[in-house]
Every structure is written in C-alpha cells, then in structure tokens.
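Everything below concerns the one structure shown next.
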There are 2 protein chains.
Amino acid sequence: MKVNFESLIDELKNKKIRLSHQRLKVLEYLTTNYNHPTADQIYNGLHDEVPTLSKTTVYNTLSSLLDAGLIRAINIEDNEVRYDINTHDHGHFKCESCKNIYDFNIDIDLFEADQLSGFEINDKNVFFKGTCRSCIADGKE
Amino acid sequence: MKVNFESLIDELKNKKIRLSHQRLKVLEYLTTNYNHPTADQIYNGLHDEVPTLSKTTVYNTLSSLLDAGLIRAINIEDNEVRYDINTHDHGHFKCESCKNIYDFNIDIDLFEADQLSGFEINDKNVFFKGTCRSCIADGKE
DNA sequence: TTGTTACTTTGTAATCATTACAACTTGATG
DNA sequence: CATCAAGTTGTAATGATTACAAAGTAACAA
Ligand SMILES: [Mn+2]
Ligand SMILES: [Mn+2]
Ligand SMILES: [Zn+2]
Ligand SMILES: [Zn+2]
C-alpha cells in the first residue's frame, strides 16, 4: 500500500486544516512508518527531529487527522491504540509473539449480514490474532 | 444465543477453577445480561446482591474466565473492554447513537486471506460501527 | 466434621495512556 | 507586516486497570 504525501497535503488544504510543522511531521512519520505505530511511538520517533514536540500535540494531531478521515485508529489490544495511514478497507493480523501487525486484503462486503438490514454501517473492522509465519519458523509459537 | 449456566460450572470444574461465590455471581451476571457489559457494569450490577464484592475481584475473575476460554473480551472502543459469554464466532455491531452492541452471524471462514498462509490464527474478530435500525427510526442518526 | 493449605478476595496504592486547561506561539489571509 | 483564530506546549487531572499484602475460603483428605 502506497500513500502519497503530496495528496495528503492537498486533502488537508481542502479541509481547511492548517499545515503546521508538527502536523506535517506526524503525517510524514505515518507515511514512512507503515507499522501501525502508537501515539507514543510517533512521539519518540519524532523526538530527535522535533525536540520541542509535545505528546499532547501528537494526540491532538492524531485526533484531527482521524476527524478528517486521513488516518484510521486500530483497537486490537485494550491498552494501546495504533494508527494507520491506510484508510482503505483491509484486515489486520497481530502476531502475539513478535507483536507485529500485518495487513491483509479482505473482501469485506462478503458478509452481508442480513441481521443488520436497516442498519447504517459506517465502519468495518476485521482483525485476527495468532502467530506469524516467521515466528513459527523460528519456533516461537 | 443460549448459554447453559450448569455447563459453565462443569467447565470450571474440569479446568480446576474454584467455584467461589464471586466467580459464580460474575458468571451468572454474564449469562443473564447479554449486553456485553464492561467490568464496571458487572461490578455495579452485582453490588446490591454482593455488597462486599470488590472491583479487583471482578477484574481477576474476568481474567481467569478469559484464560479458561469461558468468555471473550471485545475491544471496540479504546477506553472500554466489554465481555461476552458467547464464545462462538460472531460479529458485533456498535450503534454510535444508543451505544448498544448487537450480535450478528458471520461466516468468518469466508475470508481465507491467502496472504496469511503459513500463519497460525487463534482469534478472529469482526466489528462494525454505525447507527442501528431503531435509532434510525427515531431519527437519531 | 475438622484441619490444612493453596487459591481467592479485598482495599488501597500505583501505573499509565489519554484528556483538560491556560498561557504562549504561529499559519493564513489580506 | 498586522491580525487573530487556530495550534502548541507543559502541567495537572482523569479513569481504567494492575500490583500488592493481609485476611478469608474452597477443596480435599483424614
Ligand atoms: Mn493497516
Ligand atoms: Mn457477542
Ligand atoms: Zn511474529
Ligand atoms: Zn442505536
């Protein structure tokens, strides 16, 4: 999955969201780090480059970007929210050994849950947990 | 979805988990309250009947029951974990208006994500968000 | 029935991610 | 360049969950 940084900036302009230095850095971080980072990882990852960045700003920025629909939040564990620059429908697999999160394609419209007829669905999420191939190869299951 | 309380007790015995008064009450609460309650809701719901119950015990109990596979945890929002006595594969729909969580049947094996070949999948989760039928009827979308 | 003991419960304190707030700073517009 | 609404920052508050140690109890055997 490839995300174009320039088109993200265009989207910010369209939505009248200011292109502050901090916001651009957070967006840049997310486009170059496809590993679904936490707010804390973003904060630490940017600290060398933007030493004055505050964690509150990271949270505020992520919140704005979420509202604008430029990113998505992933709740797999109860104690950590992860952020994804890829807003297309796709599934996530979290390896319980190495903790990595893998993307996978799904045809999410395969479930036309008839029990939900008359419901308005705004958001669809699919995630699996288990052990990834490389951890199995390493005998870490 | 119907869950038999007696068979849950048998499972506890099989797994050598003590049938303490508190654990039985938490299990009973979950079997009679199919609304995917939070730890706090369980605590408050049992308070009249078991005034000495502590919140720590609720958490401890839920943790044991999770380990034993008798219940499932649902992470839809980042700030609340909900618990489900129904451990069969099924999807969840959370209405963003009335906050209720609805179950729906899914054939989860429809996604055989080929990208996950060689991965060991232990846990599959599907949840949607949106507005439920009755909230739409009430014009609350 | 009683005694033993490991497991469980309880209240309190600690943890940790996230949010609230108010003073200060800055991007965008003309 | 001047203006000011919007954004940033550090600190304090919040709230769910966990850690811990003392007190209580379920299970089992005698
Ligand atoms: Mn992803
Ligand atoms: Mn359910
Ligand atoms: Zn792995
Ligand atoms: Zn509703």
Side-chain angles (χ1 to χ4, degrees), chain A residues 8-29 36-68 70-83 99, chain B residues 8-29 36-68 70-83 99:
Chain A
L8 288 171
I9 291 180
D10 287 343
E11 275 207 72
L12 288 178
K13 285 181 184 162
N14 288 340
K15 299 199 166 147
K16 308 288 182 207
I17 296 172
R18 282 197 194 168
L19 280 61
S20 74
H21 183 56
Q22 291 85 343
R23 282 217 260 256
L24 294 177
K25 282 298 177 187
V26 168
L27 260 187
E28 184 188 74
Y29 185 90
H36 311 87
T38 63
D40 199 62
Q41 288 172 324
I42 296 168
Y43 172 73
N44 286 307
L46 289 174
H47 195 263
D48 286 344
E49 229 184 325
V50 192
T52 62
L53 181 67
S54 90
K55 198 172 274 192
T56 299
T57 296
V58 174
Y59 279 109
N60 288 342
T61 297
L62 291 170
S63 174
S64 313
L65 297 176
L66 279 172
D67 288 347
L70 291 187
I71 63 175
R72 288 182 58 117
I74 308 173
N75 298 301
I76 295 184
E77 305 297 334
D78 56 319
N79 57 344
E80 65 173 24
V81 181
R82 287 165 166 270
Y83 297 90
K99 314 297 183 195
Chain B
L8 288 172
I9 291 180
D10 287 341
E11 276 207 72
L12 287 179
K13 284 182 185 161
N14 289 340
K15 298 198 167 147
K16 310 287 183 206
I17 297 172
R18 282 195 195 167
L19 280 61
S20 72
H21 183 57
Q22 293 84 343
R23 284 218 258 257
L24 294 177
K25 281 299 177 185
V26 168
L27 260 186
E28 184 187 75
Y29 185 90
H36 311 89
T38 63
D40 199 62
Q41 288 172 325
I42 297 169
Y43 172 74
N44 287 305
L46 289 175
H47 196 263
D48 286 345
E49 229 183 326
V50 193
T52 61
L53 181 67
S54 90
K55 198 172 276 191
T56 299
T57 296
V58 174
Y59 280 108
N60 287 341
T61 297
L62 291 170
S63 174
S64 314
L65 297 176
L66 280 171
D67 287 348
L70 291 188
I71 62 174
R72 289 182 58 116
I74 309 172
N75 298 301
I76 295 184
E77 305 297 333
D78 56 318
N79 58 343
E80 64 172 26
V81 180
R82 287 165 164 269
Y83 297 90
K99 314 297 183 195

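All values below were derived from every heavy atom in this structure, side-chain atoms included, with hydrogens, water molecules and symmetry-related copies excluded. The chains referred to below are lettered A, B, ... by the order of the sequence lines, with proteins before strands, and numbering in each begins at 1.
Taking 4.5 Å as the limit, every side-chain heavy atom of B:K25 sits out of range of all side-chain heavy atoms of B:L53.
To the nearest 0.5 Å, atoms CD (A:E80) and NE2 (A:H36) are separated by 12.0 Å. Atom OH in B:Y29 sits 8.5 Å away from atom CG in B:N44 (nearest 0.5 Å). Here B:L12 contributes atom CG and B:L27 contributes atom CG; the two are 5.5 Å apart, rounded to the nearest 0.5 Å. From B:N60, atom CG reaches atom CD of B:Q22 across 10.5 Å, with rounding to the nearest 0.5 Å.
Rounded to whole Å, the distance from CG on A:L53 to P on C:dT25 is 17 Å. Here C:dA17 presents its P atom at 7 Å from NZ of A:K55, a figure rounded to the nearest Å. The separation between B:D40 atom CG and D:dG15 atom P is 11 Å, rounded to whole Å. Residue B:Y43 contributes atom OH, which lies 10 Å from atom C1' of C:dT10 at whole-angstrom precision. Atom CG in A:L19 sits roughly 10 Å away from atom P in C:dT29 (whole-Å rounding). As rounded to whole Å, 17 Å separates atom P of C:dT25 from atom NE2 of A:H21. One interatomic measurement links the two molecules: CD of A:E80 to P of D:dT18, which rounds to 13 Å at whole-angstrom precision. Counting to the nearest Å, the P atom of C:dT19 and the CD atom of B:E77 are 12 Å from each other.
Among the protein residues, A:S64 comes within range of no part of the nucleic acid, since none of its heavy atoms lies under 4.0 Å from any strand. Residue B:N60 is in base contact, counting any heavy-atom pair closer than 4.0 Å across all strands shown.
Counting distance only, with no hydrogens placed and no angle test, the side-chain atoms of A:T56 and the base atoms of D:dT11 include a donor-acceptor pair under 3.5 Å. A donor-acceptor contact under 3.5 Å links the side chain of B:R18 to the base of C:dA6.
Between C:dT26 and A:Q22, no contact under 4.0 Å exists linking OP1 or OP2 to a side-chain N or O. For B:Y59 and D:dT17, the shortest distance from a side-chain N or O to OP1 or OP2 is below 4.0 Å. B:T38 has no side-chain polar atom (N or O) that falls below the 4.0 Å cut-off from OP1 or OP2 of D:dA16. In terms of phosphate contacts, B:T57 brings no side-chain nitrogen or oxygen within less than 4.0 Å of OP1 or OP2 of C:dT8.
If B:N79 and A:I17 are placed on DNA chain D by their nearest nucleotide, the residue sitting closer to the 5' end is A:I17.
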